[in-house]
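Just so you know, these numbers use all the heavy atoms, side chains as well, and skip hydrogens, waters and symmetry mates. Bear in mind that the values here come from a model prediction, so they are computed numbers and not experimental data.
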Amino acid sequence: MLKFLSLPDCWIKEFFLAHIYTEQQLIEEALQKYQSLIDAGFSKSTYIISQIAVAYHNIRDIDKALSIFNELRKQDPYRIENMDTFSNLLYVRGLKPELSYLAHNLCDIDKYRVETCCVIGNYYSLRSQHEKAALYFQRALKLNPRYLGAWTLMGHEYMEMKNTSAAIQAYRHAIEVNKRDYRAWYGLGQTYEILKMPFYCLYYYRRAHQLRPNDSRMLVALGECYEKLNQLVEAKKCYWRAYAVGDVEKMALVKLAKLHEQLNESEQAAQCYIKYIQDIYSCGEIVEHQEVSTAFRYLAQYYFKCKLWDEASACAQKCFNFNDTREEGKALLRQILQLRNQNESPSADLPTNATFLFPQSVSASNTPTRRVSPLNLSSVTP
């Protein structure tokens, strides 16, 4: 439709196109438009600054979005528009004092605004007071029944309260307001997953993926669904694509490795675990990821079977750092020591590339991160 629109060539057209690009999740194009408007003389426009922050929020660049919102608050301390999005970012980061200050500040400015109610609701949600949070989202919807964010957030609160029927109703209302809201589709998928209805949640996750083809969370959720339905080929596609587009939660490779384990594809499983460990160590998030111990344990056993004693010893020693694998690591080291004393030599049928198991397409410098089209999955779902 945009291609066939005949619009006058004036500056407001650029504002319109930038807004539409943001709505369509074409974030790179939207940011280019906003940058060109800033260069054209709108550098002090708080609207443009807020839209850039929203764009970074949409691509999950939380730190960048937070810094822009903080700068915006300094420029315009009485601004209420888009502060609900700012509160979502503070919620995700768990910044309780900042969220509390924002809620009190907006309440002093105007407590009868939809954004204010949503910010207060997020604050109570972060404090695990989900009934109060849902009450404030309901107040927001009384002020504006077509306010999309409030319906989605209320669905999340009902999910926290284990009220699945109310959550489904809230998410459906959000879809009625805007069918392109991926969060509502994703929330419905999660709800039906809790209800153990995999075909339903597969349908909703696929709708969410169509709207956000570059979001690894949708792909991982799809992979888990296919796994439950025993469609392992499709599950492998999803996990691999989740890694290829930039895995936010660093879980796609682990799930792919476990799938290869189930299928007795030990070399592929080892490749995935090695790449996973490299990614985690490069990010400096070792303590936060409990699956690191699983990866080291598997690799220690894999190298042991391949009779690569040095590599097996190194992985077994790494197992000492984790409570759940410490004893297994010690037992494996004892076995390696005994076999070494017997002068065991590596087996002739050992794969020559056992230590470096990555194909060129998986290398850290060559990981595809550009936007991709929605995954074309062959399975037909209801």
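For Tyr101, the OH atom counts as loosely surrounded, since its 6.0 Å shell holds 12 or fewer non-hydrogen atoms of other residues, nucleotides or ligands. At most 12 heavy atoms of other shown residues, nucleotides or ligands fall within 6.0 angstrom of atom CD in Gln169. Residue Lys13 places its NZ atom among more than 12 non-hydrogen atoms of other residues, nucleotides or ligands, all under 6.0 Å distant.
Tyr205 pairs with exactly one of Gln190, Glu224, Met218 by the side-chain contact (heavy atoms from CB on, under 4.5 Å) rule, that one being Gln190.
Between Arg60 and Arg217 the shortest side-chain heavy-atom distance falls below 4.5 Å. Side-chain contact between Tyr302 and Tyr273 is absent, with no heavy-atom pair separated by less than 4.5 Å. Between Glu227 and Tyr239, some side-chain heavy-atom pair lies under the 4.5 Å cut-off.
We find that Asp61 and Lys64 are not joined by a salt bridge, their nearest charged nitrogen and carboxylate oxygen being 4.0 Å or further apart. A salt bridge links Lys237 with Glu234: the closest approach of a Lys/Arg side-chain nitrogen to an acidic carboxylate oxygen falls below 4.0 angstrom.
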Could you walk me through whether Phe137 and Asn122 pass the side chain to side chain contact (heavy atoms under 4.5 Å, CB included) test, one step at a time? CA-CA 9 Å; Phe137 294 134; Asn122 273 336; 3.9 Å; yes
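Because its NZ or CZ atom is both nearer than 6.0 Å to the ring centre of Tyr136 and within 45° of the ring axis, Arg139 counts as a cation-pi partner of that residue.
With sequence neighbours excluded, the residues that form a side chain to side chain contact (heavy atoms under 4.5 Å, CB included) with Arg180 are Gln24, Asn178, Leu211.
Sorted by first and then second residue, the pairs that involve residues 66-90 and meet salt bridge (Lys or Arg N to Asp or Glu O under 4.0 Å), not counting sequence neighbours, are Glu81-Arg113.
There is no side-chain donor-acceptor pair under 3.5 Å between Glu193 and Tyr204. Looking only at atom types and distance, the side chain of Ser165 has a donor-acceptor partner in the side chain of Asn163 under 3.5 Å away. With hydrogens and angles left out, the side-chain atoms of Glu291 and Thr294 include a donor and acceptor closer than 3.5 Å. Judged purely by distance below 3.5 Å, without hydrogens or angles, the side chains of Gln51 and Tyr34 pair a donor atom with an acceptor atom.
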If you look only at distance, which donor and acceptor atoms sit under 3.5 Å apart when one is on a side chain in residues 148-159 and the other is two or more places apart or in another chain?
unit_1: Trp151; atom_1: NE1; unit_2: Pro145; atom_2: O; d: 2.8
unit_1: Thr152; atom_1: OG1; unit_2: Leu148; atom_2: O; d: 3.4
unit_1: Thr152; atom_1: OG1; unit_2: Asp181; atom_2: OD2; d: 3.0
unit_1: His156; atom_1: ND1; unit_2: Tyr171; atom_2: OH; d: 2.6
unit_1: Glu157; atom_1: OE1; unit_2: Ser125; atom_2: OG; d: 3.4
unit_1: Glu157; atom_1: OE1; unit_2: His130; atom_2: ND1; d: 2.8
unit_1: Glu157; atom_1: OE2; unit_2: Ser125; atom_2: OG; d: 2.7
unit_1: Tyr158; atom_1: OH; unit_2: Gln138; atom_2: NE2; d: 2.9

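Panel note: side chain Asp247, backbone Ala252; a donor-acceptor pair is recorded below 3.5 Å. The closest donor-acceptor contact from the side chain of Thr191 to the backbone of Thr164 lies at 3.5 Å or more, if one exists at all.
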